[in-house]
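Below is one structure, written out as structure tokens; the observations come after it.
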Amino acid sequence: MILFTGGGTSGSWKVRGEQLGAACGATVQAKSIECSQADVIVAVKRIPAATLTAIRASRKPWAWDIVDAYPQPACSTWNRSQAIGWVRGQIQEKSPTAIIWPNQKMREDCDTGLPGVVIPHHYRPKSDTNLIRENVLTVGYEGSPTYISGWPLAESCAARGWGFVVNPPLLAEVDIVVAFRTGAGYVQRHWKSNVKLANAHGTGTPFIGQRECGYLETQSGLEQWAECPEDLDDCFDRLSGQYHRQTVSKAFIAKRYSVDDAALDLKGFLSAWA
């Protein structure tokens, strides 16, 4: 029996705990303090102290899914050396038997020699496919508005007669999705998960973002990259044509990584290692 556990309050828990755990046929229980019945345990993100104590007491093999485990926003000021030192220190302190990494770059930076596997984010289950309209009407962003405070997205869209919406009810209903961060440090640019791009792949919605490692490792090759607000107009120009957006959408759908794909990869790793 596989047990998925963790803090149970974050978006990462919903995706990497509830969704992925269910697809693996696992028992999913946030903040579990009863781990003795499991054959192998997967602990997601930040692990409550009582749960970590129960995991250790069970003496069962366990993998730490280290996705977004670092303190935020404090990690924004860390340089590469500080970031790696924190992660390796946490691995030594918690002493998992294996590590689940959110991307290859974080593994390359922080690997301590434990058994490990890279599992990128899967796209949101039951996503609708985007309808590519003749003209762009709406650009969307998923996440906290704080992270895009330095990007004049609403103004740039308005100048083109487009709308801009934060956290659209359905990603498939916007024509272009954007993903930016203001004031990102080493951790954000190199270790953050690919979740926003994964969801764009899932719906086939054209994407504009910064060149973060999580995105670059899972790209289709037709994503648009903008490193500063001045790059936006060029990206918007390239995605304004219906034919190009249709080409992008087909490439994204072909690239998408489902929860079942992630479960197959993770179960293969667990069966080979645990």
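Legend: residues meeting ring-ring contact (aromatic ring centres under 6.0 Å, His included) with Tyr141, ordered by chain and number and at least two apart, are absent. For Asn103, there are no side chain to side chain donor-acceptor pair (under 3.5 Å) partners at least two apart in sequence or on another chain. Under the salt bridge (Lys or Arg N to Asp or Glu O under 4.0 Å) criterion, Arg238 pairs with no residue, sequence neighbours left out.
With values rounded to the nearest 0.5 angstrom, Glu34 atom CD is found 11.5 Å from Thr51 atom OG1. Rounding to the nearest 0.5 Å gives a distance of 8.5 Å between OG1 of Thr97 and CD1 of Ile41. Here the OG1 atom belonging to Thr129 is positioned 5.0 Å from the CD1 atom belonging to Ile253, to the nearest 0.5 angstrom.
Looking at every heavy atom in both residues, Phe252 comes nearest to Leu222 through CE1-C, 4.3 Å. Nearest heavy-atom pair, Pro206 versus Ile132, reported as atom, atom and distance to 0.1 Å: CD-CD1, 4.5 Å. Taking each heavy atom of Ser193 and Asp68 in turn, the nearest pair found is N-OD1, 4.4 Å. Considering all non-hydrogen atoms of both residues, Leu171 and Asn130 come closest at O-ND2, 4.0 Å.
No continuous path of ILVMFWY side-chain contacts below 4.5 Å connects Leu170 to Val165, so the two sit in separate hydrophobic clusters. When the side chains of ILVMFWY residues are joined at heavy-atom separations under 4.5 Å, either directly or via intervening members, Val87 and Val67 end up in two distinct hydrophobic clusters. Hydrophobic clustering, with ILVMFWY side chains joined whenever heavy atoms are under 4.5 angstrom apart, groups Leu197 together with Val174. Using a 4.5 Å cut-off between side-chain heavy atoms of Ile, Leu, Val, Met, Phe, Trp and Tyr, with links allowed through other members, Met106 and Tyr215 fall into different hydrophobic clusters. In this structure, Phe269 is a member of the same hydrophobic cluster as Val44, with clusters built from ILVMFWY side-chain heavy atoms closer than 4.5 Å.
Ser249 places no side-chain N or O within 3.5 Å of a backbone atom of Thr205 that could act as its donor or acceptor partner. Here the side chain of Ser76 pairs a donor or acceptor atom with the backbone of Pro73 at under 3.5 angstrom. For Glu18 (side chain) and Val28 (main-chain N/O), no donor-acceptor pair under 3.5 Å exists by modelled atom type. Remark: the backbone N or O of Ala74 is paired with a side-chain donor or acceptor of Thr77 at under 3.5 angstrom. With hydrogens and angles disregarded, a donor-acceptor distance shorter than 3.5 Å links the side chain of Asp175 to the backbone of Leu137. Under the 3.5 Å distance criterion, the side-chain polar atoms of Thr203 are matched with a main-chain donor or acceptor of Asn199.
One finds no salt bridge joining Glu223 and Lys255 here, because no Lys/Arg side-chain nitrogen approaches an Asp/Glu carboxylate oxygen to under 4.0 Å. Between Lys45 and Asp65 no salt bridge is recorded (no basic side-chain N to carboxylate O distance below 4.0 Å). A salt bridge is defined here as a Lys NZ or Arg NE, NH1 or NH2 lying under 4.0 Å from an Asp or Glu carboxylate O, and Arg160 with Asp233 meets this definition. Under 4.0 Å is where a charged nitrogen must lie from a carboxylate oxygen, and between Arg124 and Glu142 at least one such pair does.
Counted by atom type alone, Gln92 and Thr112 present zero donor-acceptor pairs between their side chains at under 3.5 Å.
Less than 6.0 angstrom separates the ring centroid of Trp162 from the ring centroid of Phe236.
Between Trp191 and Tyr70, the ring-plane angle classifies as tilted under the 30° and 60° cut-offs.
More than 12 heavy atoms of other shown residues, nucleotides or ligands fall within 6.0 angstrom of atom CD in Glu227. The environment of Tyr186 atom OH is dense: over 12 non-hydrogen atoms of other residues, nucleotides or ligands sit within 6.0 angstrom.
For the side-chain contact (heavy atoms from CB on, under 4.5 Å) with Trp225, the qualifying choice from Asp231, Ile208, Asp234, Leu216 is Leu216, the only one to do so. Of the residues listed (Arg181, Lys192, Lys196), the one engaging Glu212 in a salt bridge (Lys or Arg N to Asp or Glu O under 4.0 Å) is Arg181, and it is the only one. Gln19 pairs with exactly one of His121, Lys14, His122 by the side chain to side chain donor-acceptor pair (under 3.5 Å) rule, that one being His122.
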